[in-house]
Amino acid sequence: MLEQRYRWKNKNLRMHVSVLDGKTSPTILLKNALFLNQTFRQWMRANIWIYDDRIVYVGENLPAHLDEKCEIIDCTNEILVPGYIEPHAHPFQLYNPLTFAAYASQFGTTTLINDNMALILNLKKREAFSLLRDLRTIPSTMFWWCRFDSQTEILNEEEKFSHSNIKSWLEHDAVLQGGELTGWPKLLDGDDMMLHWIQETKRMRKKIEGHFPGASEKTLAKMMLLGADCDHEAMTGEEVYSRLMQGYMVSLRYSSIRPDLPQLLDDMKRLGIEAYDRLLFNTDGSSSAFYEQGITDHMIRMAIEKGVPIIDAYNMATVNIARYYNIDHLYGNIATGRVANINFLSSIENPTPVSVLAKGKWVKRDGVKVEEAYPGVDWKDYGLKPMELDWELSMDDLQYSMPFGIKMENSVITKPYSISIDVSGDELPPDHDECFFTLIDRKGKWRINTLLKGFATKLSALASSFSNTGDIILIGKNKQDMLHAFNRMKELGGGIVVVEEDNVVCELPLYLSGVMSDLPMEELMQQEKGLFSVLKDRGYSFSDPIYSLLFFSSTHLPYIRITQQGMYDVMNKTVLFPSIMR
């Protein structure tokens, strides 16, 4: 790991200086470029010299030495802005970190700060750190968070989130922050281990990302005192204001679950919030189909259309984020010494780039994706391979006698409700929206059965290995079809399968440990749309079934969850009915 401690080795730095001395030719010369200079807050013209992955000069001069290998580009008719930064990526929402980075680059987002939840839950530390190391070689820049809790009730949390594991993650060079703090109620209740991890994070000059939906002013102040730096859960302009008043960096969200940005911008204008230096953009790990319209570029466009000053709109996606994370000496602006992440625009008002440089490599050129810019990886090297289930599911596992079930209020909020229908048979009628619902250990050791109201009316069977913990979800009205869906998912090595009348009507394979697809984002989007359509036709009426599956176990949301420990009352922090050993 020692060779990773420095962004460039000494010999590289000497080579960069030799370009300025005229002894070495730059590899790319951008002549007469109109670029966003964030120091002066102006659009300025300059010549930009690039050597490999670094900007070595920005100014009026031209290189004294150019060789035939130097690519010279006349930028007179182009506008240049820094590569965009996504500060809050969850790169495991069926897609994987590599495919998401490759797709995001086409829209100018070349730096990603990623959740590590799927890695810490599904991989050994050695495998996870090998993946982080190897992802440094792709054109995109990949940074990470360090989670402090599982945001559910798992059986071995003290092992996965041990002090030694958390310490190793926090010390990793690629980790920029702790959090997000979905377990903040435990912190306020006196969890000193979490507070110690926050203290360690701050000692290392790294940030703490909050997760404070609906938090009062007093709670926000308390969390600031305990170490929180930023929060992305503001849902109204008033909540943006209260966070800014308490000293937070505020990350404005536009996601598949919470497409809040347009309303936030309107509210901020109404409230007279005109200072943007403490504001960022994020897309909070949206489902793949949501990203068809773009990523960070789409948020910049919305801000411009809502009257945000253009330079501020770009800054919220670039230098504001880089300054906040103390990486602006490398990212977020076009200046000498920075990594050569540059977006080439057709106009100042259109933030979707026509060409993109990432680490000095073309990943998009004149509107066309550069093939092979992101080579594939052998996921098996990191322990990411198809699921291998060595146990069988039987009708005995599908017995339902719980006195109450789970009712969906929206895509992700679930409440308890009293079960009043007969659940003794093998099939439920389609004249109501209640389904059999099972969470079962991926190793086959335990299960918990109840009913789910509001998910669908005519869904015969769905099996999913995609969940918060990687355990298996079964939902449906026909037990025989539920068995079939499970067995087909098992054959695939993981995925989401819908079965009806003993026929597979939709399947979405997830060959990477049953939680991620290995397909490019564009192909995954089509599969995801197909699944959405099938579920909608069968009565799913909410906005995002992928997040519904993910959050059934997530105890950072109210009110009742189905977890490895059993049916869990979030507000009272108690297990209502324990899981059953098989």
Side-chain angles (χ1 to χ4, degrees), residues 88-95 115 117-118 121 147 149-154 179-185 209-215 231-236 239 251 253-261 263 282-291 405-417 433-435 437 439 448 450-456 459 462 464-471 473-475 496 515 528 531-532 535-536 538-564 567-571 573:
H88 197 96
H90 296 272
F92 311 102
Q93 311 300 58
L94 302 188
Y95 44 83
D115 186 5
M117 179 71 86
L121 288 181
R147 287 276 194 163
D149 68 274
S150 64
Q151 72 181 34
T152 184
E153 298 299 308
I154 61 176
E180 56 185 296
L181 294 182
T182 52
W184 62 270
E209 176 68 20
H211 176 95
F212 311 138
D231 185 63
H232 59 282
E233 289 289 340
M235 301 177 200
T236 66
E239 291 185 339
S251 195
R253 178 170 51 189
Y254 185 70
S255 74
S256 53
I257 289 294
R258 298 291 322 182
D260 293 325
L261 183 64
Q263 186 62 51
N282 83 87
T283 61
D284 202 5
S286 299
S287 301
S288 66
F290 186 78
Y291 287 126
I406 295 175
K407 178 184 178 183
M408 298 183 67
E409 296 291 313
N410 58 35
S411 295
V412 298
I413 302 299
T414 51
K415 290 184 175 181
Y417 83 102
D433 62 351
E434 292 168 74
C435 294
F437 184 26
L439 181 73
I448 182 154
T450 185
L451 256 61
L452 176 64
K453 181 175 176 62
F455 186 83
L459 178 65
L462 176 146
S464 172
S465 60
F466 177 78
S467 66
N468 187 34
T469 54
D471 297 309
I473 293 170
L474 303 173
I475 303 172
I496 304 172
V515 295
E528 195 176 281
L531 175 64
F532 284 14
L535 292 178
K536 185 177 180 181
R538 285 152 183 79
Y540 182 86
S541 60
F542 302 118
S543 64
D544 197 329
I546 301 305
Y547 262 97
S548 296
L549 295 172
L550 179 69
F551 279 168
F552 280 133
S553 298
S554 296
T555 54
H556 69 294
L557 294 168
Y559 291 87
I560 189 168
R561 299 286 147 179
I562 184 166
T563 74
Q564 290 185 0
M567 292 273 281
Y568 188 79
D569 182 338
V570 174
M571 307 308 284
K573 302 180 179 61

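Note that the coordinates shown come from a computational prediction; the quantities given were computed from them, not determined experimentally.
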**Request:** Without swapping roles, check the side chain of Thr152 against the backbone of Ser553 for a donor-acceptor pair under 3.5 Å.
**Result:** yes
**For the student: nearest non-hydrogen atoms of Asp149 and Gly183, plus distance** = OD1-N, 3.2 Å
**Request:** For atom NZ of Lys536, decide whether the heavy atoms of other residues, nucleotides or ligands shown that lie under 6.0 angstrom number more than 12.
**Result:** no
**Asked** Closest approach of Glu180 and Gly210, non-hydrogen atoms and distance?
**Response** CB-O, 3.7 Å
**Request:** Working to the nearest 0.5 Å, report the span between OG of Ser554 and CD1 of Ile562.
**Result:** 12.5 Å
**Request:** Taking the six-membered ring for Trp and the full ring for Phe, Tyr or His, determine whether the centres of Phe437 and Phe552 are under 6.0 Å apart.
**Result:** yes
**Message:** How close do Tyr417 and Leu451 get, counting heavy atoms only, and between which atoms?
**Reply:** OH-CB, 3.6 Å
**Request:** Answer yes or no: are there more than 12 heavy-atom neighbours, outside Lys453 itself, under 6.0 Å from its atom NZ?
**Result:** yes
**Request:** State, yes or no, whether a side-chain contact exists between Thr182 and Arg147 at a heavy-atom distance under 4.5 Å.
**Result:** yes
**Asked** Between Tyr254 and Phe290, does the ring centroid distance fall short of 6.0 Å?
**Response** yes
**Asked** Between Ile560 and Pro416, what is the shortest heavy-atom contact and its length?
**Response** CG2-N, 3.5 Å
**Close side-chain approach of Tyr568 and Lys573, heavy atoms under 4.5 Å** = yes
**Other residues, nucleotides, ligands: >12 heavy atoms within 6.0 Å of Phe542 CZ** = yes
**Request:** Check whether any side-chain heavy atom of Gln151 sits under 4.5 Å from a side-chain heavy atom of His211, and report yes or no.
**Result:** no
**Prompt:** Name the one of Ser255, Ser286, Ser287 that satisfies side-chain hydrogen bond (donor to acceptor under 3.5 Å, both in side chains) with Asp544?
**Reply:** Ser287
**Request:** Please round to the nearest 0.5 Å and tell me the distance separating atom CG of Asn468 and atom CE of Met117.
**Result:** 6.0 Å
**Item:** Straight-line distance of Thr469 OG1 to Leu550 CG, nearest 0.5 Å
**Value:** 9.5 Å
**Request:** Would you indicate whether the side-chain heavy atoms of Arg258 and His232 approach each other to under 4.5 Å?
**Result:** no
**Message:** Give me the atom names and distance for the closest heavy-atom approach of Asp231 to Ala234.
**Reply:** OD2-N, 4.1 Å
**Message:** For a quick test of reading the model, state the closest non-hydrogen atom pair linking Leu459 to Leu462 and the distance between them.
**Reply:** CD2-CB, 4.0 Å
**Prompt:** Does the side chain of Val515 reach to within under 4.5 Å of the side chain of Phe92, using non-hydrogen atoms?
**Reply:** no
**Prompt:** About how many Å separate SG of Cys435 and CD1 of Ile406, when rounded to the nearest 0.5 Å?
**Reply:** 12.5 Å
**Prompt:** Is there a donor-acceptor contact under 3.5 Å from the side chain of Glu528 to the main chain of Ala289?
**Reply:** yes
**Message:** I want to check something: taking the side chain as every heavy atom from C-beta on, are Ile496 and Ile546 in contact at a cut-off of under 4.5 Å?
**Reply:** yes
**Spatial distance of atom CZ (Phe212) from atom CD (Glu233) [nearest 0.5 Å]** = 9.5 Å
**Request:** Apply side chain to side chain donor-acceptor pair (under 3.5 Å) to the pair Ser256 and Tyr547, showing each step before the final yes or no.
**Result:** CA-CA 9 Å; Ser256 53; Tyr547 262 97; 5.5 Å; no
**Asked** Is there a donor-acceptor pair closer than 3.5 Å between any side-chain N or O of Asp284 and the backbone N or O of Arg253?
**Response** no
**Request:** Please confirm whether the backbone N or O of Ser543 pairs with a side-chain atom of Ser411, one donor and one acceptor, at under 3.5 Å?
**Result:** yes
**Fill in**
Distance col, row Ser541:OG vs Leu535:CG, nearest 0.5 angstrom, shows 11.5 Å
**Message:** Can a donor-acceptor pair be found, under 3.5 Å and without considering hydrogens, that links the side chain of Arg561 to the backbone of Phe551?
**Reply:** yes
**Sub-4.5 Å side-chain heavy-atom contact between Ile475 and Leu549** = yes
